[in-house]
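Since the structure comes first, as structure tokens, the remarks are kept for the end.
Being a predicted model, the structure only gives us computed values, none of them experimental. Whatever order the structure lists ligands and atoms in, that order sets their numbers, starting from 1.
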Amino acid sequence: MILIAPSLLSADFLHLEKEVTLMQESGADWLHYDVMDGQFVPNLSFGPKVLADIHRISDLPLDVHLMVHEPFHLLEPFAQAGADYITIHVEACKAPQRYFDKISDLGLKSGITLRPGTPLEKIEPWLEQVDLVLVMSVEPGYGGQAFMPESIERIKELKNMRKKRKLSYLIEVDGGINTDTAKFVTQAGADVLVAGSALFGRKNPQKRMKKMRK
Ligand code: DX5
Ligand code: ZN
């Protein structure tokens, strides 16, 4: 089964409650929440307070993607705010093990991700530890960028590794996912599709999600 995780970065922040409800009613499985620090990536987004407010109005699993340099101090605040998954960037954390231990102590699920230009080998040591591997199919930092086709090979490789090593992480893909690119990534083995600009501010997100899932 394919899961769809609308990326709130593309939502209209003036009407966040309406946007969340619309995605929920349109069939979203998770909500994807992009946290940016202006350092690891040039852009800034939102923090635990906004997530806590969203948590009050939605029961959907909250999938937090930390594009933050050494975000250790943020793990607890995000757990308190209602996060279900916390994904860290391998390039942003010197000692990922410390993060995974803390995330599991907090009773949450953990994910690892990497920039499109970072070799896949960098995350291999952590595959046993994580519940989710996020394949970035754009350079992290902004919504609305074009899908990078190279990510398809990565998804396939992660699927093979999962089978070979008898692991069970979910493969999530993030960046440039729309009703066209969804086809290629799901065929390659993606389990969770993040989509921002293809769902928010568009007519009939329900129909779009259905098409993506197909
Ligand atoms: C980019 C973020 C993505 C972004 C995706 O750094 O991680 O989640 O919101 O946006 P779209 O779907 O518009 O490429
Ligand atoms: Zn993201």
Least distance between heavy atoms, [X] atom then [Y] atom:
X: K122; Y: V90; answer: O-CG2, 3.7 Å
X: C93; Y: P71; answer: SG-CD, 3.8 Å
X: V20; Y: S58; answer: CG1-CB, 3.8 Å
X: I123; Y: T113; answer: CG2-O, 4.2 Å

Sidechain-backbone polar pair: [X] side chain, [Y] backbone, donor-acceptor under 3.5 Å:
X: R115; Y: P140; result: no
X: D131; Y: S110; result: yes
X: S10; Y: S197; result: yes

Any donor-acceptor pair under 3.5 Å linking the side-chain atoms of [Y] with those of [X]?
X: H89; Y: H65; value: yes
X: H32; Y: D34; value: yes
X: Y169; Y: Q129; value: no

Looking at ligand 1, does any of its N/O atoms fall within less than 3.5 Å of an N/O of [X]?
X: M67; result: no
X: G176; result: yes
X: M36; result: no
X: E139; result: no

Atoms of ligand 1, numbered as shown, that sit under 4.0 Å from any heavy atom of [X]:
X: L9; result: 9 (O)
X: G175; result: 14 (O)
X: M136; result: 7 (O)
X: H65; result: 7 (O)
X: P140; result: 6 (O)
X: H32; result: 8 (O)

Checklist entry - For atom 6 (O) of ligand 1, which of G141, S7, A11 has the closest heavy atom? => result G141
Checklist outcome for this item: Heavy-atom proximity to atom 4 (C) of ligand 1, picking from L199, N43, D34, points to D34
With a 4.5 Å heavy-atom cut-off, do [X] and [Y] have their side chains touching?
X: L8; Y: I54; value: yes
X: D174; Y: V135; value: no
X: L193; Y: V173; value: yes

Which residue supplies the protein heavy atom nearest to [atom], what is that atom called, and how far is it?
atom: atom 12 (O) of ligand 1; value: G196 N, 2.8 Å
atom: atom 5 (C) of ligand 1; value: D174 OD1, 3.5 Å
atom: atom 1 (C) of ligand 1; value: Y142 O, 3.5 Å
atom: atom 11 (P) of ligand 1; value: G144 N, 3.6 Å
atom: atom 13 (O) of ligand 1; value: S197 OG, 2.5 Å
atom: atom 10 (O) of ligand 1; value: G143 CA, 3.5 Å

Item to check | Part of A195 within contact of ligand 1 (heavy atoms, under 4.0 Å) | outcome: backbone
Checklist entry - Closest to the Zn ion (ligand 2), which N/O/S atom of D174 is it? => result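 Checking each N, O and S atom of D174, the shortest distance to the Zn ion (ligand 2) belongs to OD2.
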Next on the checklist: If you consider just the N/O/S atoms, which atom of H65 is the closest one to the Zn ion (ligand 2)?
Outcome noted: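 Going by distance to the Zn ion (ligand 2), the closest N, O or S atom in H65 is ND1.
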Checklist entry - Out of L108, L62, L66, which one pairs with F78 under the side-chain contact (heavy atoms from CB on, under 4.5 Å) rule? => result L66
Next on the checklist: Against ligand 1, does A198 come closer than 4.0 Å with any heavy atom?
Outcome noted: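 Outside the 4.0 Å threshold, so no.
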Checklist entry - Which angle, to the nearest 10 degrees, do you find at the Zn ion (ligand 2) between NE2 in H32 and OD1 in D34? => result 90°
